[in-house]
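Worksheet for the structure shown next.
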Amino acid sequence: MKRSFKLSELDCANCAAKMETAINKLEPVDNATINFMSQRLTLEAADDKFDEALDLAQKAINKVERGCKIVR
């Protein structure tokens with residue numbers, strides 16, 4: 001499954017790159033991209049592991065930029 005989400009409070013392009021790298025290292029994630037200009041996260045993971053991947057992605061984001069949230 002591949003879905004796109006808005007990111008709120010994403011303030012830094014360098015942070016977005018760090019988040020993308022961290023999310024792509026997560027086991028249930030097949031692919032993730034963050035577009036700083038559009039403030040969007042595109043996440044791809046298996047259907048049965050998508051919710052887990054999304055939760056882990058939020059935890060990875062929090063480690064880089066605490067105020068940034070995935071808008072579901």
Side-chain angles (χ1 to χ4, degrees):
M1 175 186 298
K2 182 177 182 179
R3 291 186 54 200
S4 185
F5 300 91
K6 178 87 172 127
L7 293 172
S8 67
E9 306 297 322
L10 178 59
D11 296 327
C12 169
N14 188 42
C15 293
K18 289 179 182 178
M19 290 174 196
E20 183 177 302
T21 299
I23 294 169
N24 274 305
K25 290 180 181 178
L26 299 171
E27 186 188 323
V29 174
D30 293 331
N31 188 41
T33 57
I34 295 179
N35 184 310
F36 177 71
M37 295 303 290
S38 66
Q39 306 274 304
R40 296 200 72 78
L41 162 68
T42 301
L43 185 67
E44 195 171 343
D47 291 352
D48 60 330
K49 295 191 178 201
F50 194 85
D51 290 334
E52 177 189 1
L54 196 56
D55 290 340
L56 290 172
Q58 181 62 65
K59 289 178 183 177
I61 287 170
N62 290 343
K63 289 180 181 178
V64 176
E65 192 169 325
R66 215 172 222 318
C68 185
K69 302 279 186 234
I70 299 172
V71 180
R72 299 182 189 199

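Just so it is clear, the values below take in all heavy atoms, side chains as well, and ignore hydrogens, waters and symmetry mates. Here the structure is a predicted model, which is why all the values come from computation and not from measurement.
- Across all non-hydrogen atoms, the minimal contact from Val29 to Ala53 is CG2-CB, 3.9 Å.
- Residue Leu41 comes nearest to Ala32 through the heavy atom pair CD1-CB, 4.3 Å, listed as atom of the first residue, atom of the second, then distance.
- Only one option out of Gln39, Gln58, Met19 pairs with Cys68 in a side chain to side chain contact (heavy atoms under 4.5 Å, CB included); it is Met19.
- Atoms CG and CD, on Asp11 and Glu65 in that order, are 4.5 Å from each other to the nearest 0.5 Å.
- For the atom pair Leu26 CG and Lys49 NZ, the distance stands at 12.0 Å (nearest 0.5 Å).
- One finds a salt bridge joining Arg72 and Asp55 here, because a Lys/Arg side-chain nitrogen approaches an Asp/Glu carboxylate oxygen to under 4.0 Å.
- In Lys59, the NZ atom is not crowded: 12 or fewer heavy atoms of neighbouring residues, nucleotides or ligands sit closer than 6.0 Å.
- Across Thr42 and Ser4, no two heavy atoms sit closer than the pair OG1-OG, 3.7 Å.
- Closest non-hydrogen pair, Phe36 versus Ala13, comes out as CE1-N, 3.6 Å.
- Taken together through direct or relayed side-chain contacts under 4.5 Å among Ile, Leu, Val, Met, Phe, Trp and Tyr, Met1 and Leu56 form part of one hydrophobic cluster.
- With Asn35 contributing its side chain and Arg40 its backbone, the two residues share no donor-acceptor pair below 3.5 Å.
- Between Val71 and Ser8, the shortest heavy-atom distance links the atoms CG2-CB, 4.0 Å.
- The minimum heavy-atom distance between Phe5 and Ile70, with the atom names listed, is CB-CG2, 3.6 Å.
- A 6.0 Å sphere centred on NZ of Lys69 holds more than 12 heavy atoms belonging to other residues, nucleotides or ligands.
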